[in-house]
Amino acid sequence: MSKLKSAPIDNRSLCWVPLLLVIGLGGCSTYYGQLAVGQLSLLSKREPVAAIIENPETDPQLRQRLAAALQARAFASSALALPDNGSYRVYADIQRPYVVWNVFATEEFSVSPLTHCFPIAGCVAYRGYYQEGRARGAAALLKVDGYDTLVAGVQAYSTLGWFDDPLLSSMLRWDDERLAGLIFHELAHQRLYVAGDTAFNESYASFVEREGMRQWRASRGLPAARDAAREHYADLSRLVLDTRERLAALYASGVGEDAMRAGKAAEFSRMRQAYRQLRNGPWKGDGRFDRWMAQPLNNASLVPFGLYDGWVPAFAALFEEVGGDWQRFHARVQAVGSLSSDERTRLLNSLR
């Protein structure tokens, strides 16, 4: 397909481009340098979705996928009160399966992740890399220092409204339904983001995604979907969180390091056995998580679980309180987000 006219640089973010260039040209070997170069590369690949659809040289399957995504994008703003901007109205073919690779790390005898703080996002439990090799290299260095590590590929992320985020070729690995949900999820991050509170942000976006998908299907006369994959993931998440709690108790017990290592190995063996019982029993042979369970497991492997859905029931209760009015819901969530961390946690606990 011939290269179309690139999407213009976002007017709101124009002032950030020179800064990114200075950081990138100052040395892409640094962590922030590779972030700047990676983001600039992504911006340069953007093309207007409408122009791609109109181009007679566009692959028909790509045209169909992008047209469906635009319909979901329009619904997000008109029905879910999500930002009406240029995000997901541009497309970038990144020619790799993931846009970034996140590195998670914990100490050998801790389930608490190392955190990293950034100017806009606040403190998060990972560092992201645009090249898989850089991510694995960073993880290897941490491992040498005795840390447990996990490298996880990510198919999309939000710049929180600073740039017009593109639909990525990595996102098209999902079907139209999951792609629509991902658009709702990422736009929710643009609508509201509390720096340093990953669980709050991800649970809020996950609720918007789930309720948004229910309404998106209803708008097209489709019944609510029974999502076996989501149900099975919820089962797996409960299993992992239970394991994490037992490991936390073990690490706090004061036993010697040899005993802790033995207990740690036993807990992961126990988790694998419980997983096999789920897969072969209630899941009726669904082995979609076999690959994850077969990898070497450690404390860092458990970190991502619980971040995306821990507060979803609380946000569902808030949505019901405002009668399903999206504008009032977002305003209510914003008020909760403005509370101190302790006040926010107490309120959310009272709702779920």
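From a predicted model like this one, the values you see are computed outputs, not experimental measurements. These numbers come from the heavy atoms of this one structure, side chains and all, not from hydrogens, waters or symmetry mates.
- With sequence neighbours excluded, no residue forms a side-chain hydrogen bond (donor to acceptor under 3.5 Å, both in side chains) with R291.
- Side-chain atoms of Y130 and Q39, non-hydrogen and from C-beta on, do get closer than 4.5 Å to each other.
- Sorted by first and then second residue, the ring pair (Phe, Tyr, Trp, His ring centres under 6.0 Å) pairs with a member in residues 237-259 read F109-Y251; sequence neighbours excluded.
- Side-chain contact between L167 and L179 is present, with at least one heavy-atom pair separated by less than 4.5 Å.
- Taking both residues in full, the closest heavy atoms of S203 and G310 are given as OG-N, 3.3 Å, listed atom of the first, atom of the second, then distance.
- Transitive grouping of hydrophobic side chains (ILVMFWY, heavy atoms separated by less than 4.5 Å) keeps V103 and L297 in distinct clusters.
- Looking only at distances, a side-chain donor or acceptor of S77 sits under 3.5 Å from a matching main-chain atom of L82.
- Residues P304 and L150 meet the side-chain proximity criterion, which asks for heavy atoms closer than 4.5 Å.
- A donor atom on one side chain and an acceptor atom on the other are not found under 3.5 Å apart for T198 and N201.
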Discussion item. Let's go through L70 and I53 carefully: what are the C-alpha distance in whole Å and the side-chain angles of both, what is the deciding distance for side chain to side chain contact (heavy atoms under 4.5 Å, CB included) to 0.1 Å, and is it a yes or a no?
Written reply: CA-CA 10 Å; L70 275 190; I53 292 173; 3.8 Å; yes
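- Of the possible polar contacts, one joining the Y275 side chain to the D290 backbone as a donor-acceptor pair under 3.5 Å is found.
- Residue pairs meeting the salt bridge (charged side-chain N to carboxylate O under 4.0 Å, His left out) criterion with at least one partner in residues 231-240, sequence neighbours excluded, are R226-E231, D235-R238.
- Here the shortest heavy-atom pairing between L247 and F268 reads CD1-CZ, 3.9 Å.
- Distance CZ/R346 to OG/S341: 9.5 Å, rounded to 0.5 Å.
- Across every non-hydrogen atom of W326 and A81, the tightest pair is CB-CB, 4.0 Å.
- Closest approach of L187 and P83 over heavy atoms only: O-CD, 3.5 Å.
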Worksheet item: Step by step, would you call Y91 with L172 a side chain to side chain contact (heavy atoms under 4.5 Å, CB included)?
Response: CA-CA 11 Å; Y91 173 74; L172 298 187; 3.8 Å; yes
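- Not counting sequence neighbours, Q334 has no partner by the side-chain hydrogen bond (donor to acceptor under 3.5 Å, both in side chains) test.
- Here CG of L35 is found 8.5 Å from OH of Y129. Values are rounded to the nearest 0.5 Å.
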Worksheet item: Going through the checks in order, is the side chain to side chain contact (heavy atoms under 4.5 Å, CB included) test met by D309 and Y233?
Response: CA-CA 11 Å; D309 52 14; Y233 178 80; 4.1 Å; yes
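- L66 has its side chain out of reach of T58: every pair of non-hydrogen atoms, C-beta onward, lies at least 4.5 Å apart.
- Counting only distance, with no hydrogens or angles, the side chain of R344 and the backbone of L339 share a donor-acceptor pair below 3.5 Å.
- Looking only at side-chain heavy atoms (C-beta outward), Q273 and R276 come within less than 4.5 Å of each other.
- Remark: R127 is not positioned above the aromatic ring of F118, lacking an NZ or CZ atom under 6.0 angstrom from the ring centre and at most 45 degrees off the axis.
- Considering only residues two or more places apart in sequence or on other chains, N349 meets the side-chain contact (heavy atoms from CB on, under 4.5 Å) condition with W311, T345, R352.
- Note that the CD1 atom of I52 and the CD atom of E47 stand 4.5 Å from one another [nearest 0.5 Å].
- For D242, there are no salt bridge (charged side-chain N to carboxylate O under 4.0 Å, His left out) partners, not counting sequence neighbours.
- N55 CG to L62 CG: the interatomic distance, rounded to the nearest 0.5 Å, is 10.0 Å.
- Side chain of T243 to backbone of L239: a donor-acceptor contact under 3.5 angstrom is found.
- No donor-acceptor pair closer than 3.5 Å links the side chain of S110 to the backbone N or O of T106.
- The aromatic rings of F207 and F329 sit tilted relative to each other, their planes meeting at an angle between 30° and 60°.
- Here R288 pairs with D286 under the side-chain hydrogen bond (donor to acceptor under 3.5 Å, both in side chains) rule; sequence neighbours left out.
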Practice prompt. Could you walk me through whether L192 and H330 pass side chain to side chain contact (heavy atoms under 4.5 Å, CB included), step by step?
Written response: CA-CA 8 Å; L192 176 65; H330 295 307; over 6 Å; no
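- With hydrogens and angles disregarded, a donor-acceptor distance shorter than 3.5 Å links the side chain of N299 to the backbone of E108.
- Judged by distance alone, the side chain of S170 and the main-chain N or O of Q155 form a donor-acceptor pair under 3.5 Å.
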Item to complete: Output, in order, the C-alpha distance, side-chain angles, deciding distance and verdict of side-chain hydrogen bond (donor to acceptor under 3.5 Å, both in side chains) for S206 and R210.
Response: CA-CA 6 Å; S206 291; R210 295 180 194 184; 5.1 Å; no
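- The side-chain tip of R244 does not point at the ring of F305 from less than 6.0 angstrom away and within 45° of straight on.
- At least one side-chain heavy atom of M271 sits less than 4.5 Å from a side-chain heavy atom of M293.
- The stretch residues 138-160 participates, sequence neighbours left out, in no ring pair (Phe, Tyr, Trp, His ring centres under 6.0 Å) pair at all.
- Q64 places no side-chain N or O within 3.5 Å of a backbone atom of D59 that could act as its donor or acceptor partner.
- Residue pairs meeting the salt bridge (charged side-chain N to carboxylate O under 4.0 Å, His left out) criterion with at least one member in residues 141-158, sequence neighbours excluded: D148-K264.
- Here CZ of F315 is found 10.5 Å from CZ of R332. Values are rounded to the nearest 0.5 Å.
- Between Y88 and F184, the closest side-chain pair of non-hydrogen atoms is not below 4.5 Å.
- Considering every non-hydrogen atom in both P296 and S301, the closest pair reads O-OG, 4.0 Å.
- Pairs passing the side-chain hydrogen bond (donor to acceptor under 3.5 Å, both in side chains) check and including a residue from residues 178-190, sequence neighbours excluded, read N85-Q190, S87-Q190, D165-Q190, H185-H189, H185-E202, H185-E209, H189-E202.
- Using a 4.5 Å heavy-atom threshold, the side chains of R220 and W216 count as touching.
- Side-chain N or O atoms of R134 include none that pairs as donor or acceptor with a backbone N or O of Y31 at under 3.5 Å.
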Considering only distance and modelled atom types, tabulate donor-acceptor pairs under 3.5 Å from the side chains of residues 317-325, sequence neighbours left out.
residue: D325; atom: OD1; partner: Q327; partner atom: N; Å: 3.0
residue: D325; atom: OD1; partner: R328; partner atom: N; Å: 2.9

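- In the displayed structure, Q61 atom CD is contacted under 6.0 Å by at most 12 heavy atoms of other residues, nucleotides or ligands.
- Between G122 and A195, the closest heavy-atom pair is CA-CB, 4.0 Å.
- If you take CD on Q295 and CH2 on W292, they are separated by 6.5 Å, rounding to the nearest 0.5 Å.
- Pairs engaging residues 88-107 under the salt bridge (charged side-chain N to carboxylate O under 4.0 Å, His left out) rule: D84-R89 [sequence neighbours left out].
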